[in-house]
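Notes follow the structure.
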Amino acid sequence: MSKLIRATVMHTPANPFESDQAFESFADGAVVFKANRILSCGPYAEMREKHPEADIIDERGAYLLPGFVDTHVHFPQLTIIGAMGLPLLEWLRQRTLPAEAALSRVPEAEGAADLFLERLAANGTTTALVFGSHILTAQDAFFRKAANSGLRITSGLVLGDQNLLPELETTVGRAREETQELIARYHGHGNLRYAVTPRFSVSCSGPLLEVCGELLESAPGLYFQTHINENKEEINFVRGLFPSSRDYFDTYERYGLAGKRSVFAHNLHVSDSELSRMGTCGCSVAHCPSSNSFLGSGTFPMARHIKHGVAFGLGCDVGAGSGFSLFNESLRAYETQMLREDGYRLSPRHLLYLSGAAGARVMGLEKQIGDFTPEKEADFVLIRPPANSTLRAVLERAASCEAALGALFTLAREESVAATYVAGRRIHPKGLPA
Ligand code: GUN
Ligand code: ZN
């Protein structure tokens with residue numbers, strides 16, 4: 001049976017960084033889907049006529065957008081959101097690593113996984129590239145819970161063999177065995193995929209990064225994720241650890257870790273040489289604006305990424321980021337570019353693209369998700385402004401769909417997310433669909 005959702009519909013069937021025709025909106029619109037696939041999208045009256053058989057879900061007054069794609073978020077860090085006053089390396093040492101070590105028991109890890117996955121869905125995120133845990137049993141618990149969440153999750157056991165807490169450090173042999181075990185158990189099962197995940201070059205010896213390169217080749221479709229060029233002190237540290245590398249990117253590149261399925265988080269203090277090589281390799285970047293300002297790490301050189309053809313999506317980077325909302329990250333991305341002298345002037349349609357389709361591209365899922373083109377999978381988020389809210393007051397007076405979209409990115413947060421669908425199935429809120 002097909003279903004038709006009636007709402008204000010907006011999406012980006014093309015890339016607004018490349019085309020003026022990329023944004024499509026229908027004030028009284030509809031998306032029609034059957035099982036997991038989108039059949040069509042357009043004005044309500046037209047869709048109603050074209051699909052008289054469809055069950056109508058009347059959501060007038062609400063806004064339907066493609067599901068959000070989060071390209072960088074840490075599973076074990078929900079409890080440290082808001083740990084203020086520390087730059088990256090101190091924040092890791094004092095707050096983050098101890099919190100990550102607290103997931104050594106399976107019940108705690110399962111509880112943390114449930115909470116984390118629920119918050120993603122509650123914020124309209126349908127797909128995420130998730131930095132996991134250093135602890136095998138915790139990462140296994142995370143994958144088990146992710147398999148039941150309905151979300152599209154790519155994740156991996158975090159690896160490091162130096163400069164962490166002793167209980168989080170692995171060895172080259174153990175890293176290989178544990179990663180192989182998790183790949184065999186979860187990669188390609190349902191909506192799960194595996195990402196080889198060294199924490200960053202500060203915490204990884206050359207031999208460990210070499211093993212990461214071997215693991216990445218060990219099965220088709222594996223992803224790679226890590227951190228890069230986030231903080232000046234971190235970059236100096238890496239320079240000292242890898243004296244024969246020409247720059248931070250080279251510490252990954254030399255071990256075969258830079259390819260089309262590689263996603264590097266942050267990349268703030270990046271040289272032109274690094275950007276040019278990243279573009280050539282087809283690497284992507286996870287831009288995490290709220291984290292970058294929270295830790296005082298710096299601002300993202302967006303125009304330079306565009307110039308070098310390096311694709312980027314958004315990441316909330318919880319726990320350094322200020323929550324799971326990609327509405328929030330989009331607004332912070334906008335503000336960051338406004339503050340930079342060479343800032344890219346983003347409009348609401350760019351933010352819509354960055355929150356969904358851009359992430360889909362980073363995740364290699366651009367053929368399946370990201371917009372409402374027929375045949376794509378039916379992933380979307382339904383936004384209903386709460387009664388008596390500033391958001392509702394602004395939306396009721398918005399002069400155009402794009403003006404409404406600007407208000408959504410500025411004011412809508414978790415409280416406004418009415419429902420989240422993945423592959424045509426409502427995953428939030430839980431319970432029987434209305
Ligand atoms: N670099 C290495 N680990 C981390 C982390 O957990 N968060 C951030 N923001 N940067 C990192
Ligand atoms: Zn991170």
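Note that these values count all heavy atoms, side chains included, but never hydrogens, waters or copies made by symmetry. Start at 1 and go down the list; that is how both ligands and their atoms are numbered. In what follows, residues are counted from 1 in the order of the sequence shown. All values reported here derive from a predicted model rather than from experimental measurement.
- Under a 4.0 Å heavy-atom criterion, F131 is not in contact with ligand 1.
- Under 4.0 Å from ligand 1, the heavy atoms of L92 that appear belong solely to its side chain.
- Applying the 4.0 Å criterion to heavy atoms of F200 picks out, from ligand 1, the atoms 1 (N), 2 (C).
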For this session: Please test Y353 against F23 for ring pair (Phe, Tyr, Trp, His ring centres under 6.0 Å), starting from the C-alpha separation and ending with a verdict.
Result: CA-CA 9 Å; Y353 176 78; F23 175 63; over 10 Å; no
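- A salt bridge links R199 with E100: at least one charged nitrogen is closer than 4.0 Å to a carboxylate oxygen.
- Classified by interplanar angle (parallel below 30°, tilted 30° to 60°, perpendicular above 60°), the ring pair H227/F131 is tilted.
- Under a 4.0 Å N-O distance rule, the pair D379/R152 qualifies as a salt bridge.
- Using a cut-off of 2.8 Å, one finds that H72 contributes an N/O/S atom close to the Zn ion (ligand 2).
- For the pairing with F327, the side chain to side chain contact (heavy atoms under 4.5 Å, CB included) check across V381, I383, L351 returns one residue only, I383.
- One of the N, O or S atoms belonging to H227 lies under 2.8 Å away from the Zn ion (ligand 2).
- Geometrically, ligand 1 and R199 share a nitrogen or oxygen pair separated by less than 3.5 Å.
- The residues E177 and R174 are annotated as not salt-bridged, no charged nitrogen and carboxylate oxygen being separated by less than 4.0 angstrom.
- Around the Zn ion (ligand 2), the angle linking H74 (NE2) with D317 (OD1) is 90°, rounded to 10 degrees.
- Those atoms of ligand 1 that come under 4.0 Å of a heavy atom in L88, given as number and element, are 8 (C), 10 (N), 11 (C).
- Taking the centre and axis of the six-membered ring of Y223, the NZ or CZ atom of R193 falls inside the cone set by 45° and 6.0 Å.
- The aromatic rings of F372 and H11 lie parallel to each other, with less than 30° between the two planes, well short of the 60° mark.
- Checking R95, Q77, H227, E230 against atom 9 (N) of ligand 1, the nearest heavy atom belongs to E230.
- Contact annotation for F294 and ligand 1: no heavy atom of the residue comes within less than 4.0 Å of the ligand.
- Taking distance alone, with nitrogen or oxygen atoms compared against 3.5 Å, E234 stays at or beyond that limit from ligand 1.
- Of the protein's non-hydrogen atoms, the one nearest atom 7 (N) of ligand 1 is W91 CZ3, 3.4 Å.
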